[in-house]
Amino acid sequence: MTAAANFRIFPNLYKDSVTLMQLGAELRSREGIAEASCIMATPANLTQLADAGLAVDAAVAPSDLLVVVRGEPSACEEAIAAADAMLKSTNAGGGGDAAAFRLPLSSIAIGLQRAEAADIALISVPGDYAAAEALKALAQGLHVMVFSDNVAIADERSIKDYARARNLLVMGPDCGTAIVNGIPLGFANVVRRGDIGLVAASGTGLQEVTCRIHNAGGGVSQAIGTGGRDLKDAIGGITMLQGLAALAADPATRVIVLISKPPAPDIAQKILALASKAGKPVVVHFLGAKPESIGGRGLTPATSLQHAGDVAVALAKGSAVPASSGAPTAIQLATVTEMAAGMAASQYAVRGLFTGGTFCYEAQIAFRARNFDCRSNAPAESVGLLEKHDGHADGHVFIDMGDDDYTRGRPHPMIDPALRNAAVLSHAADPATAAILVDVVLGYGSHPDPAQALADALFSAQREARARGRSLALVAHVCGTDGDPQGRATQVRKLEAAGAILAESNVQAALVCAALAETRKAARRTSSSAR
Amino acid sequence: MRVSTASSEPCVATTERPPAATHAREHRASPARLTVAHVGYLAPSTNFDGIVHSVFTHACNVAGPSGLLTIAAHAGADGPTVWRLASDPPDLRRLFHRGERLHRRYAAATVGDVVLDLSKAAAWHAGRWPPRASRAMADNLGVARAALKRRRRGCPSVIDRDAAPWLRSLAEACRVCDVARATAEIDRLVGKGEGLTPAGDDAIVGFLAAIGALAGSDAEQVGFVRALSAAVAARAARTTDISAHYLRLAAGGHFNADVTRLVHALMGGESRDGAALPAIGATADSPLHLALEAALNVGATSGADMVAGMIAGFRASRPANA
């Protein structure tokens, strides 16, 4: 006889022991069946099955009923079918059978009962309740990642103080991204494990740098999110200081990267002082801060998110540290110069439509560094506030479409591209628009095929513009890796097919647009003086 | 399993429904009303919402804010988290369905179109363990072993086969208060066996009841019981939801009435729920026999497995207070 094992899982089905023993005996008595077992899939019973050569290679829970048979393949199939019929019969088992409703995981305590070894809780509830849930988790000795936003800043301070007193970490509130022990949490990417540890007060900033590290051949030990307000005076950088200390003590971390918008001066001083005592190289990127403001032993300032990733990889590999990175390539410059030459006289403005808030911020900085005025609904320093964003604004405009104005009552644009697609079409219809700058964020939590979802809008935008005698430059950057569920290379190809110029990073995409804006500005000046 | 599911139990159709109504939900013309006679001392005492987790002939489990609540037919046992009905509906599976919501508001609870009247319910408390074991305990344990042996004929359990050495080893570890060894045996027993509450779990419940009752004020024994209880609670997630609930209760020193009555009967004291127990005797209607019969009839093999664990626990404990 050819012995093969076959099994079927009946999720959350309870039968009394006599019924199961009788069923097992019935199955064993069948011709061609060498062994059969009908038991609840508890770890103890699974061990017993494995000892009996009936190991089950499937995800099961203790409240699942498991029927396993071994014997001739055809007999096994028949036995499983018979077991299925008997177990589903309402008469089976007299009064001792029931299909159970799987107990909902309705509290952190129940979650801990299901996963004894858990040491972190991810809180994603409406902001009003998040602090209370975080305290419950902390009281159970768990580190906490608070995905929720709209948590009062006083509550944030309270839970962080409480956690710090217990040597626990609170990531967030409004912490969208983290990678802990190789496990992506929230919006995060599939990156190689390695020796670079990060602490960031920016979700998409953390995604960009971890992806850059991966794509440049490096790896990530831990990526800790702090939440966007951690470095404000009211909080004092509690999580960043704790995270920095943890990475300094972590033997698996050889290089540390810190990312944030510029902190309050006192807090920046504290962070830099601690970083200079880390005993390992620390790359610091405070978006928009002057590199000379970042000084200390072992500290290397970075000029962009891409640069932070590149510097970290160079330090980890012991190779030369690049002075900068993200400058447009010659091909990119030639392409935009050629495109700019073919544009209508009215076209001069760059419209950045971002799903990532930090990408929006970084693009503004890149434009301001080249002395372009611009406006945004989430303005960086010396950038004007955009009050109306209906697609008919003047000048260069950068919109964070993940801002509360857009996400209240609807999914984030990383998940649902509809609103950004509408904005692409709306800005493309503006005669002043010369370029549309977009980010595409991959990874867990994001849209399953964001490039395809955007490509249709880009095609339509270009078609409409051509119909009106204009041509648009579409510039995109994909934040992700080939390990992500969406696959970076696939997403890049789809955007290229839609006519987009692809940049390596967000800062490079912004600089490509800035180059185009300069060309258009010069062309308009020439045209104006000729008149 | 601490709720009776045996199909041989007498069922009296006393559901308080209008005579014209049928039991099938789809044919029900008007709401069914069930009176709750007893409310366990750990059942939620305030308004709450729950969800029906599982339904058996004589018991329905509801996932509430602090774990499972069992709605048991009158023939079933009281318990810390039990609402025991005043009647014995023929089949609770026709009244409740998994996934349905239960809403308890003050003196009434609704599940679908079933109304549970709590206005007349009395609180059920387990009371304290007997202060000491009587001299008759050894004889009583002999009676229990004989009853268990009779029950096992034609109805074997893993507790008598693969798990027998583990239960013996657990008892030996208990005798010398060896927490590490006892915990290793708990590791093996939790979730072991067929059925809706695996036999290993039922045995642990009985074992904890016995050693908890006999620990008295012996500091070393009390410490051992606490440590073992903590080990059991920490491993409860390794078994079925229902069994895990009873393991957690047992680890907290909380047991259903069938368990507490048997403890009292075996120790020769008064029943834990207040019903006086006369001296132990061997007649068929003696308190010991009644308690044994009630315990052994729980589930298909669960009651017997619990009794096996309890006997092992009593034999393992140092009868310092006997």
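The shown structure was predicted, so the numbers you read here are calculated from the model rather than taken from an experiment. Proteins come first, then strands; the chains are lettered A, B, ... in the order of their sequence lines, and each starts at number 1.
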Chemist: At what distance, to the nearest 0.5 angstrom, does CE of A:Met40 lie from NZ of B:Lys192?
Modeler: 15.0 Å
Chemist: More than 12 heavy atoms of other residues, nucleotides or ligands under 6.0 Å from CZ of A:Arg28: yes or no?
Modeler: yes
Chemist: Which heavy atom in A:Ala44 sits nearest to a heavy atom in B:Arg188, and how many Å separate them?
Modeler: CB-O, 3.9 Å
Chemist: Tell me whether the count of non-hydrogen atoms from other residues, nucleotides or ligands lying under 6.0 Å of CG in A:Asp51 goes above 12.
Modeler: yes
Chemist: Return yes if some donor-acceptor pair links the side-chain N/O of B:Thr240 with the main-chain N/O of A:Pro62 below 3.5 Å, else return no.
Modeler: no
Chemist: Are the side chain of A:Asn45 and the backbone of B:Gly191 linked by a donor-acceptor contact shorter than 3.5 Å?
Modeler: yes
Chemist: Roughly how far, to the nearest 0.5 Å, is the OH atom of A:Tyr14 from the CZ atom of B:Arg98?
Modeler: 11.0 Å
Chemist: Is chain A contacted by the side chain of B:Arg238, its backbone, both, or neither, given a heavy-atom distance below 4.5 Å?
Modeler: both
